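Have a look at the structure below before the remarks.
This structure is a prediction, so every number in the text was calculated from the model and none was measured. Order of appearance sets the numbers: ligands from 1, and atoms from 1 within every ligand.
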Amino acid sequence: MQISNELKIRIVGIGKVGTGIAEAFAQNGFEVYGIDIKKEKIESAMNNITLDLDNLIAKGKSNEEEKDVVLSRIRLGTDLDSVLDSDVVIEAVFEDMGSKKKLFKAIDDLVVSEEALLLTNTSSLSVTEIASATGRPEHVAGMHFFNPVPVMKLVEVVRGVLTSEQTIALVKQLAAIIGKAPIVSADSPGFIVNRLLNALVVEATRIVEEGVGAIEDVDIGARLGCGHPMGPFELIDYLKALPLVLDVTDYMADELGERFRMPVWVRNLAREGKKGSVAGGKFYDQNLPF
Ligand SMILES: NC(=O)c1ccc[n+]([C@@H]2O[C@H](COP(=O)([O-])OP(=O)(O)OC[C@H]3O[C@@H](n4cnc5c(N)ncnc54)[C@H](O)[C@@H]3O)[C@@H](O)[C@H]2O)c1
């Protein structure tokens, strides 16, 4: 397979990440087809892409003509059969092993080309296990984008145990052709970036628990002392991601060791349920014991 913008790209799961992936490929000359099980997602995805392109125009980084061309390259629908003639399928459905394996089995049965790349956008799950649902694990790899996809440069290319070197080389080229910087990770929980990030977050919660520093001071320290754009607590609140972070760190603790286990006060915060507009608690605006 030659990497070029002639390849037929299909994206399965048009949520936050899938929408960004569709936009990024279309901006770089690819015709993309996005598939979601929910009809309403099709409409909201197209609205979100249009809004994003309007923002680029408002900032003087694009124009109406370019916007129309990008939009004309994106088609969305609900029929999984449209993966049939894909060269590349990029999966971006919920972070759930059962759903991903079921979907990869269905995709494997449908996609005709034996050369096709079947890629998962999982942030933490085993690519090797996802690939085991197919009869072609050598063509399965992780292609892990970062949010917001059209803006963030990084792509983690994840090598499952049976992923071929050729597949890794092709996915790196695919990332590069849409202006991304690929890094390669072995198939290990959290890969490279989320492992780094979660280690920082867990340590930040321990610093607070031990009374070494307050939440606000840890965030200021990360920003002004380490040059991070946001502190770890600000980041989780901003992403409204506490329940997700807890699930992922529990998984990483099970697989990699107790150093990734969140302390009890964070677990309780995540269990508190909906507070204001945030499900699963927020570090700021709470009466914490610290
Ligand atoms: N949100 C992030 O910052 C981020 C960043 C990188 C990677 N990821 C990973 O990307 C994946 C998607 O995350 P998201 O935040 O976009 O989730 P999301 O909930 O916004 O979107 C998931 C979409 O998949 C659709 N879907 C579910 N099952 C489907 C199926 N069988 N067929 C077709 N569509 C289906 C849902 O209707 C939904 O629109 C996850 O694996 C996540 O870990 C997320």
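For atom 25 (C) of ligand 1, the choice among V17, D36, I11 with the nearest heavy atom turns out to be D36. Nearest-heavy-atom check against atom 40 (C) of ligand 1 across V93, L80, T122 picks out V93. One option in V248, N121, V149, I107 has a heavy atom closer to atom 9 (C) of ligand 1 than any other, and that option is N121.
Nearest heavy atoms, K41 versus I14: CD-O, 4.1 Å. Of all the heavy atoms in I74 and A22, the pair that sits closest is CD1-O, 4.1 Å. Contact between M1 and L170 at its shortest, heavy atoms only, is O-CD2, 3.5 Å. The shortest heavy-atom contact between V93 and V12 is CG1-O, 3.6 Å. Scanning both residues, V171 and L119, for their nearest heavy atoms gives CG2-CD2, 3.7 Å.
The salt bridge (charged side-chain N to carboxylate O under 4.0 Å, His left out) analysis of residues 115-143, with sequence neighbours excluded, yields the pairs K101-E129, D108-R136.
At least one protein heavy atom sits closer than 4.0 Å to atom 32 (N) of ligand 1.
Some N or O of E95 is nearer than 3.5 Å to an N or O of ligand 1, by distance alone. In terms of N/O distances under 3.5 Å, ligand 1 is not approached by K38. Remark: ligand 1 and N147 share an N or O pair separated by less than 3.5 Å (distance only, no angle test).
Look at R206 and E203 and you find a salt bridge, because one of the NZ, NE, NH1 or NH2 atoms lies within 4.0 Å of a carboxylate O, short of that distance. Between K105 and D109, at least one side-chain nitrogen of the basic residue sits less than 4.0 Å from a carboxylate oxygen of the acidic one, meeting the salt-bridge criterion. The existence of a salt bridge linking R159 and D187 is excluded, since no basic side-chain nitrogen approaches an acidic carboxylate oxygen closer than 4.0 Å.
Looking only at heavy atoms of the protein, atom 27 (C) of ligand 1 is closest to F94 CE1, 3.4 Å. Distance from atom 8 (N) of ligand 1 to its nearest protein heavy atom, with residue and atom name: S123 OG, 3.2 Å. What sits closest to atom 22 (C) of ligand 1 on the protein, heavy atoms only, is A92 O, 3.6 Å. Distance from atom 20 (O) of ligand 1 to its nearest protein heavy atom, with residue and atom name: K16 N, 3.0 Å. G15 CA, 3.2 Å is the protein heavy atom nearest to atom 21 (O) of ligand 1. From the protein, the heavy atom lying nearest to atom 34 (N) of ligand 1 is I37 N, 3.3 Å.
Taking 4.0 Å as the cut-off, F145 counts as a neighbour of ligand 1 on heavy-atom distance. Note on ligand 1: K100 sits in its first shell, one or more heavy atoms being nearer than 4.0 Å. Not close to ligand 1: S99, with no non-hydrogen atom less than 4.0 angstrom away.
By the criterion of a heavy-atom distance under 4.0 Å, the side chain of V12, and not its backbone, is placed next to ligand 1. The proximity of K41 to ligand 1, defined as any non-hydrogen pair under 4.0 Å, is limited to the side chain.
Between W265 and F233, the ring planes lie tilted relative to each other; the angle falls in the 30° to 60° range.
For ligand 1, the atoms closer than 4.0 angstrom to any heavy atom of H144 are 6 (C), 7 (C). Residue G13 approaches ligand 1 through these ligand atoms, each under 4.0 Å from one of its heavy atoms: 24 (O), 25 (C), 34 (N).
To the nearest 0.5 angstrom, E91 atom CD is 11.5 Å from I11 atom CD1.
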Exercise. Evaluate the criterion side chain to side chain contact (heavy atoms under 4.5 Å, CB included) for residue pair V88 and F25; output intermediate values, then yes/no.
Key: CA-CA 12 Å; V88 178; F25 274 99; over 6 Å; no

